[in-house]
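This report concerns only the one structure given below.
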Amino acid sequence: MTEKNTWVLACGADEIDAEDVVRFDYGDRTFSVYRTVDNEYYATDGYCTHERVHLADGLVMGHLIECPKHNGRFDYTTGRAKRKPVCVDLQTYQVKVEGGNVYIAL
Amino acid sequence: MGAQSGKRDYSLTGLEGKRAEERGLVSAQWYTTSIPRQRMKELMKRKDGPAIRDTLIWFGLLIGFGALAVWSWGTWWSVPIFAIYGILYATPGDSRWHECGHGTAFKTAWMNEAVYQIASFMVFRSATPWRWSHSRHHSDTYIVGRDPEILTERPPIWKIIAMQLFHLYGGPVELKRFLLHSFGRIEQHESQYIPVSEYRKTFWEARVYMLILVGTVAASFYVGSLLPMMLVVLPTFYGNALVLLFGMTQHLGLFDDVLDHRLNSRTMYLNPVLRFLYWNMNYHIEHHMFPMVPYHALPALHQEMKGDTPVPSPGLFAALREVIDALLKQRNDPSYTIVRPLPDTARPYMAGLPENPYVRSKINKYMKAG
């Protein structure tokens, strides 16, 4: 994280179920915020890199998020594209949890 | 919206694709029925058990009827036995190709991929090109000039439909593609939806297919009998009838160029045997609206959605009757479209989407016409 980044409040930590994802809109941008079964939090861009479909409607399986439209998959901890038709990696963002809230670095 | 009465250009490289883009129909936001997130998570949950069970039954039936077919070869018994074998080869071949292509049938990724590759060869569909073709079909379902999987044009081309009863149109087309791909070439329209990064994989898959095909033909020559080809290559032709009939019920007669799967897809009820062969793809509106729900959860998804979707066709024959009636009408009026009424509990067609005068005029016209 560089000094230019700012921490932005995304949601309450309890607003995301374990092994699930929620949508977070900020200005004209949209993100997906994830919680693992081990209560770790991650954030990525909201839209799939294949087509403009929001990943927050998809299915979280372990460290994978599956796009709800074409079943492409990403590892949301690294952003790596893991299953076609997804070919381009997903942008990830640093996350911290403080005071019961999830912040992402933008 | 343009007049729909003339013959349109269904190619992916013509002007219709550009028109669709201008009309906001490309990779657009589709209508979805509202289902609580918790319930959707239950429905989307992946399992290995149902698909392993069904795959073992499928392969068991194929081996059993294959053995019977070999035993009966040269007698009249072989006719009905090969008919059953062909249906068991091609129909689940098609549905397993489809579900494993989505990656939802099994929880374990390699199992999806293994069955996908085997089924792709069985039904003569190049695994990688068809993965991308089907992805486009889901992005732009029955958008003319964009969807490579529109079964027939308006007005319908009956010759192709009749030939497809025995895969005699699509089969040779795919054989030609295998050959082309195995020499490292790709058709122009394929380049519209297959990324260049996938070409190499496409070419190698085609070479493996050609090797199996040539090997099977050689085996037939070697033993001096058609039997090896009757078991491995030819079932995709003589067993294709049910694949065609199921395929015809999915979208035909319904709308083109809309963004609501309730308008362009058809759900029908089937008995358990046909649902096993088809892997529940009779719940076709449900599948298109929520493609991440695995086949084994589609009946439950249907229960969640049926208050928001048209009443399903009561069976395969009823659905086919509706389709053929519409295709006959489209001979004289290519714009003829079936509008399936929604239950009172449903949100209106095109809810939340920009008003579409074409759709609106069709609904008004054909709802009145019954």
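Just so it is clear, the structure is predicted and the values come from calculations on it, not from any experiment. Naming convention: chains lettered A, B, ... in sequence-line order (proteins, then strands); numbering from 1 in each chain. Just the heavy atoms: all of them, side chains too, but no hydrogens, waters or symmetry mates, feed the values below.
Looking at E198(B), the atoms closer than 4.5 Å to chain A (heavy atoms on both sides) all sit in the side chain, from C-beta outward.
More than 12 heavy atoms of other residues, nucleotides or ligands lie within 6.0 Å of CZ in R53(B), so this atom counts as buried by the packing criterion. Within 6.0 Å of the CZ atom in R200(B), the count of heavy atoms belonging to other residues, nucleotides or ligands does not exceed 12. Heavy-atom neighbours of K107(B) NZ from other residues, nucleotides or ligands within 6.0 Å: at or below the threshold of 12. More than 12 heavy atoms of other residues, nucleotides or ligands lie within 6.0 Å of NZ in K96(A), so this atom counts as buried by the packing criterion. Heavy-atom neighbours of K41(B) NZ from other residues, nucleotides or ligands within 6.0 Å: above the threshold of 12. A 6.0 Å sphere centred on CZ of R80(A) holds no more than 12 heavy atoms belonging to other residues, nucleotides or ligands.
Note: S135(B) leads A28(B), A109(B), S135(B) in heavy-atom pairs under 4.5 Å with chain A. When the candidates S27(B), P195(B), G101(B) are compared by the number of heavy-atom contacts under 4.5 Å with chain A, S27(B) comes out ahead. Contacts with chain B were tallied for R52(A), H50(A), E51(A); E51(A) has the most, counting heavy-atom pairs under 4.5 Å. When each of H138(B), H288(B), R37(B) is checked for heavy-atom pairs under 4.5 Å with chain A, R37(B) comes out on top.
With values rounded to the nearest 0.5 angstrom, T104(B) atom OG1 is found 7.5 Å from E66(A) atom CD. Taken from CZ in R131(B) to NE2 in H70(A), the straight-line distance is 13.5 Å, to the nearest 0.5 Å.
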Is there a side chain to side chain contact (heavy atoms under 4.5 Å, CB included) between D57(A) and M40(B)? Walk through the geometry before answering. CA-CA 9 Å; D57(A) 293 324; M40(B) 272 313 293; over 6 Å; no

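The shortest side-chain heavy-atom distance between D17(A) and Q38(B) falls under the 4.5 Å cut-off.
When every heavy atom of W132(B) is checked against every heavy atom of P85(A), the shortest pair comes out as CH2-O, 3.1 Å.
No side-chain donor-acceptor contact under 3.5 Å links K69(A) to the backbone of S139(B).
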